[in-house]
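The next block holds one structure in the form of structure tokens; read it before the comments.
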There are 2 protein chains.
Amino acid sequence: MLTIGTLAKKTGTKVQTVRYYEQIGLMPEPGRTEGGQRRYGDAELDRLSFVRHARQLGFSLDAIRELLDLSDHPGKSCAEADAIARRQLKQVEHRLARLEALRTELKRMVHECSGGQTADCRVLEVLRDHSECLTNHEEIGG
Amino acid sequence: MLTIGTLAKKTGTKVQTVRYYEQIGLMPEPGRTEGGQRRYGDAELDRLSFVRHARQLGFSLDAIRELLDLSDHPGKSCAEADAIARRQLKQVEHRLARLEALRTELKRMVHECSGGQTADCRVLEVLRDHSECLTNHEEIGG
DNA sequence: TCTACAACTTCTAGCAGCTGTAGGTTCAAG
DNA sequence: CTTGAACCTACAGCTGCTAGAAGTTGTAGA
């Protein structure tokens with residue numbers, strides 16, 4: 001039986017985060033000691049590892065909820081899990097494209113800065129005048 | 001003189017966001033009509049455009065605050081603005097590297113999914129077992 | 001067995017950067 | 001003068017945690 005601290009350490013999670021996952025129903029309510037402290041078994045360890053790994057791959061908590069549900073029903077079609085992963089892949093590729101455009105623009109800004117006074121700063125100038133950009137970056141980006 | 005709605009439309013911002021920027025001191029308190037409605041001039045339009053453009057390039061509101069301050073003092077050295085932009089470029093490049101690793105992993109997951117039952121789903125399997133990953137993705141990523 | 005103290009407990013608030021809603025007021029066109 | 005879109009304030013909510021306060025439990029060493 002693992003304490004919440006041990007479970008957290010084993011999965012690279014903060015204790016508060018484990019409790020948060022329990023609160024939002026992503027982790028089950030675990031058994032407790034007489035004094036009221038949480039104790040976990042291997043099933044919970046596996047589940048939390050799954051969650052953390054999916055988070056590392058950028059899945060949202062909602063997506064993870066779906067994936068966990070699918071994982072809990074081995075007879076279901078794999079298609080749904082596949083769709084979720086594909087959706088995530090699309091998102092990642094979309095963000096990649098955006099970031100690449102941003103990198104280009106930032107590089108250009110930085111490159112053109114001659115190091116004088118802010119009155120002539122290319123960085124500020126580009127920010128002031130959108131028309132100087134080579135790419136469109138309409139969406140909020142990060 | 002522009003209403004807040006017109007200002008918002010011209011800069012691709014939501015009305016609430018403009019008020020939010022005012023609240024956090026990123027935008028100045030504008031003049032008001034007798035009835036209490038905000039009215040903006042060209043200076044505010046320029047400033048908001050600057051802010052939005054910087055947001056699109058992924059700068060944080062704090063970074064933007066600094067950039068605005070530099071922009072307001074044309075005699076200052078350009079070095080600070082340059083440093084902020086370089087910092088931002090570094091962040092973008094870091095995120096790019098992460099996302100590229102994620103894309104690789106997601107592609108592999110999706111590619112290997114044969115479309116059967118969830119019991120044999122590669123997507124879920126990979127999530128369950130981190131050791132199947134080719135890359136390390138320790139940080140939270142997206 | 002006692003003591004010390006790390007680790008646990010709940011509760012609440014805060015972070016970024018907005019976004020949405022409720023309930024009311026103002027402005028401008030017809 | 002009426003209508004109704006757009007404005008006003010104030011505050012709650014979003015994601016995914018994270019930090020702090022104030023108090024309790026578990027366990028190792030003396």
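Here the structure is a predicted model, which is why all the values come from computation and not from measurement. Hydrogens, waters and symmetry mates play no part in the numbers below; they use all other heavy atoms, side chains included.
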Please figure out whether Asp62(B) or Arg39(B) has its closest DNA chain C nucleotide nearer the 5' end.
Asp62(B)
DNA chain D: 5'-proximal contact among Tyr20(A) and Gln37(A) (nearest heavy atom):
Tyr20(A)
Using atom CZ of Arg65(A) as one end and atom C1' of dT15(D) as the other, report the distance to the nearest whole Å.
12 Å
Nearest whole angstrom, please: distance from the P of dG14(C) to the NZ of Lys14(A).
19 Å
Does OP1 or OP2 of dG16(D) have a side-chain N or O of Tyr21(A) closer than 4.0 Å?
no
Taking only the side-chain nitrogens and oxygens of Arg38(A), find out if one of them lies under 4.0 Å from OP1 or OP2 of dC8(C).
no
Distance below 4.0 Å between Thr3(A) side-chain N/O and dA7(C) OP1 or OP2:
no
Atom-pair distance (CG on Leu26(A); C1' on dC17(D)), nearest Å
13 Å
Indicate whether any N or O donor in one side chain lies under 3.5 Å from an N or O acceptor in the other, for Thr3(A) and Arg38(A).
no
With a 4.0 Å cut-off on heavy atoms, is Ile24(B) in touch with a base, just the backbone sugar-phosphate, or nothing at all?
nothing
What is the distance, to the nearest angstrom, from the CE atom on Met27(B) to the P atom on dC18(C)?
13 Å
Rounded distance in Å - CG (Leu61(B)) to P (dT19(C)):
11 Å
For residues Leu61(A) and Tyr21(A), determine if any side-chain heavy atom of one lies less than 4.5 Å from a side-chain heavy atom of the other.
yes
Are side-chain heavy atoms of Tyr40(B) and Leu45(B) found at a separation under 4.5 Å?
no
Could you tell me whether Arg19(A) contacts a base, only the sugar-phosphate backbone, or nothing, with contacts defined as non-hydrogen atoms closer than 4.0 Å?
base
Phosphate contact (dC17(D) OP1 or OP2) by Arg52(A) side-chain N/O below 4.0 Å:
yes
Apply the test salt bridge (charged side-chain N to carboxylate O under 4.0 Å, His left out) to residues Asp72(A) and Arg47(A): give CA-CA distance (whole Å), side-chain angles for both, the deciding distance (0.1 Å), then the verdict.
CA-CA 10 Å; Asp72(A) 287 345; Arg47(A) 195 176 174 94; 3.4 Å; yes
By nearest atom, which of the nucleotides dC7(D), dC27(C), dG17(C) is closest to the Thr33(B) side chain?
dC27(C)
Looking only at side-chain atoms of Arg55(B), point me to the closest of dT27(D), dG20(C), dG17(C).
dG17(C)
Record whether the side chain of Gln16(B) comes under 3.5 Å of the base of dG20(C) through a donor-acceptor pair of N or O atoms.
yes
To the nearest angstrom, how far is Glu34(B) atom CD from dA28(C) atom P?
12 Å
Picking from dC17(D), dG17(C), dG20(C), the nucleotide nearest the side-chain atoms of Ser60(B) would be dG17(C)
Rounded to whole angstrom units, what separation is found between the CD atom of Glu22(A) and the P atom of dC8(C)?
14 Å
Would one find a side-chain N or O of Thr17(A) under 4.0 angstrom from OP1 or OP2 of dG16(D)?
no
Less than 4.5 Å apart, any side-chain heavy atom of Arg39(B) and any of Leu2(B)?
no
For the side chain of Arg32(B), counting heavy atoms from C-beta on, which of dC17(D), dT9(D), dT27(D) is nearest?
dT9(D)
Distance, rounded to the nearest Å, where Ile4(A) contributes CD1 and dT25(D) contributes P:
17 Å
Residue pair Ser77(B) / Gln117(A), side-chain heavy-atom distance below 4.5 Å:
no
